[in-house]
Amino acid sequence: MKLSIASLLLGALPLAKSYSPWPLPASYTTGTTALYVSQSISFSSVTDNNEKVSNTLLSDAFQRYSEAIAGGMGCSDAARSLRESPPPQAAAEVSTCTIKVSSPSNSPSLSVDTDESYDLSIGEDGSCKITATTEFGVIHALESLSHLAGESCSIENAPINISDKPRFAYRGLMIDSARHFLPVHFIEHIIDTMAASKLNVLHWHISDTESFPSGSDLFPELAEKGAYTYPDASYSVQDLKGIVSYAYNRGIRVMPEWDVPGHGSWGKGKPEVTILDGSCSNTLDPTNPYVYTFLHSFLTEMADIFPDANLFLGGDEVDTSCFTSSPTVSKWMDDNSIEDGVALQSYFWQQVTAQVMPGLNKTLGVWMADDGIPYPEDLPEGSFGNVWQSQSMMPTVIDRGADVVLSGPWYLDQQQPGGFQTYALQAIWQGMYQVEPFDGLSESQQGSVLGGEACMWAEGVNAMDFDAIAVTKAAAVAERLWAEQTVVDVDDAQDRLMEHVCRLNMRGVAAKAIAQNFCLSDVL
Ligand SMILES: *[C@@H]1O[C@H](CO)[C@@H](O)[C@H](O)[C@H]1NC(C)=O
Ligand SMILES: *[C@@H]1O[C@H](CO)[C@@H](O)[C@H](O)[C@H]1NC(C)=O
């Protein structure tokens with residue numbers, strides 16, 4: 001943050017606190033003039049030629065953010081009643097904000113190529129201007145605006161000029177609805193918390209060995225028999241579509257995942273696609289040709305429900321004894337000269353590439369463990385690997401031909417991230433914050449990094465404690481993925497993150513506190 005000369009000179013005076021957007025914008029300059037923010041701030045949107053733009057993406061966003069500002073950290077009636085040092089009576093008020101969208105659309109595409117950039121300026125006279133290429137840039141700008149309004153419904157540091165864009169196009173949060181079922185309304189709540197930190201990919205690990213809550217009109221038996229309880233702990237096709245649309249309205253892509261060939265519960269509803277005579281009843285049988293026909297049909301239905309360009313199919317941690325313990329699979333391997341379980345996995349992915357993916361029009365993503373399986377060579381061109389164990393695997397995966405998303409240092413359920421041998425939340429978020437995704441990569445390898453993802457595996461987390469365990473740390477990862485590479489000061493980040501946690505608390509998110517401070521939510 002660049003401070004003006006005036007603010008340096010006034011630094012010794014007890015100025016009211018000013019607030020900054022989280023994650024820190026690419027460029028953020030501030031002054032020292034205090035303004036009021038109207039509790040009923042209004043928005044208007046026009047094209048570059050000053051023609052009025054109206055679409056539901058924008059009108060919904062205007063509604064959400066005027067409410068967030070009016071009821072939020074600084075502007076609620078309760079907050080106003082507690083103000084200690086309001087701006088002078090004569091201070092200007094931010095009461096309306098003018099927005100220019102240069103490429104307006106009712107249904108802008110949302111992908112790694114979406115332009116999320118925006119400019120936001122607040123003048124000393126209370127003027128507020130936003131410019132962006134897309135509606136999604138506007139939504140980020142409104143989120144930032146809602147962060148600027150602090151205590152006493154004021155902005156203390158006008159003029160403010162923000163020129164912002166993300167460092168990485170893929171900034172994900174993974175949720176796991178297989179170990180604990182997450183109700184639809186709670187997934188929407190998670191999406192709200194993602195938008196608050198400008199995360200833009202919800203990676204939805206829908207099913208796993210424990211349950212298969214994912215509804216399907218073609219194969220309803222999968223959820224009927226695979227959910228913990230049906231239909232209460234399952235997602236209907238309508239639910240799935242509703243979540244996709246809720247997320248889209250907030251600039252968030254939903255990338256679904258059904259893990260194959262292991263980590264599944266396909267066998268509960270469709271035993272015929274699994275290995276029936278081995279030690280693992282839920283592993284798909286790579287030697288059964290119907291498996292590929294089935295996956296293609298199932299995923300064709302899902303491709304329509306989830307319009308995102310990415311499809312995630314898991315692929316890691318296959319227990320090869322699932323294959324070798326099965327007499328029929330073992331015999332098939334002998335007959336087809338496939339020497340071991342690793343080679344059989346190669347065969348599986350080659351069949352997925354040849355028979356399942358064609359026609360889906362999706363870019364494939366898989367988990368990429370330290371053993372390098374699935375091998376990038378067996379996947380369709382352009383696939384990406386989610387590097388979930390050692391960050392040092394990134395160059396190997398890239399050199400073998402896949403793009404990468406980094407998640408290994410950002411497992412939110414882990415207690416020893418990035419070498420910090422401790423349980424303290426403080427050290428954990430700091431450890432996560434200090435990860436640099438480009439470490440160990442050459443300049444040309446860096447071009448293959450799509451971004452990163454925080455993963456909230458749900459063995460030990462459900463809707464009751466999700467916020468406390470996930471949200472603060474995911475916010476730390478969000479700044480790492482959005483802010484410039486030079487933003488590395490942990491102490492500076494801590495003060496701003498405490499503000500952000502307070503803001504989230506004021507919005508009803510049970511984000512965990514990280515250090516001692518006062519938040520209005522403590523007295524409301
Ligand atoms: C801030 O933005 C305003 C309005 O867009 C512009 O007039 C002003 O020159 C900008 N100031 C700085 C320091 O960039
Ligand atoms: C394929 O996917 C892309 C990006 O998701 C989309 O723009 C395009 O329309 C799709 N093509 C077909 C034939 O569905």
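Each ligand, and each atom within it, is numbered from 1 in the order the structure gives. Residue numbers start at 1 and run along the sequence shown.
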* Mind checking whether Phe298 and Trp258 have ring centres under 6.0 Å apart? -> yes
* Centroid separation Tyr65 to Phe43 less than 6.0 Å ->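 Ring centres of Phe43 and Tyr65 not closer than 6.0 Å.
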* Which atoms of ligand 1 have any heavy atom of Asn161 under 4.0 Å away? ->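 Heavy-atom distances to Asn161 below 4.0 Å select 1 (C), 2 (O), 3 (C), 8 (C), 10 (C), 11 (N), 12 (C), 14 (O).
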* Structure fact -> The atoms of ligand 1 lying under 4.0 Å from a heavy atom of Ser121, numbered in the order shown, are 2 (O), 4 (C), 5 (O)
* **Qualifying salt bridge (Lys or Arg N to Asp or Glu O under 4.0 Å) pairs, either residue in residues 181-192, two or more places apart** =>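 Output for this query lists Asp192-Arg250.
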* Check whether the side chains of Asp115 and Thr134 place a donor and an acceptor atom closer than 3.5 Å, and report yes or no. =>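 There is no such pair between these side chains.
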* **Pairing residues for Asn386 by the side chain to side chain donor-acceptor pair (under 3.5 Å) criterion, not counting sequence neighbours** =>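 Expected list: Ser407, Glu453.
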* Quick one: salt bridge (Lys or Arg N to Asp or Glu O under 4.0 Å) partners of Arg64, sequence neighbours excluded? -> none
Dump all N/O pairs between ligand 2 and the protein below 3.5 Å as a table: atom names plus distance, one pair per row.
from, atom 1, to, atom 2, distance (Å)
ligand 2, 2 (O), Asn361, OD1, 3.4
ligand 2, 2 (O), Asn361, ND2, 2.3
ligand 2, 11 (N), Asn361, ND2, 2.8
ligand 2, 14 (O), Asn361, ND2, 3.3

* To do: Scan Thr131, Asn161, Ile162 and name whichever one has a side chain to side chain contact (heavy atoms under 4.5 Å, CB included) with Asp119.
  =>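 In the set Thr131, Asn161, Ile162, the residue that makes a side chain to side chain contact (heavy atoms under 4.5 Å, CB included) with Asp119 is Thr131.
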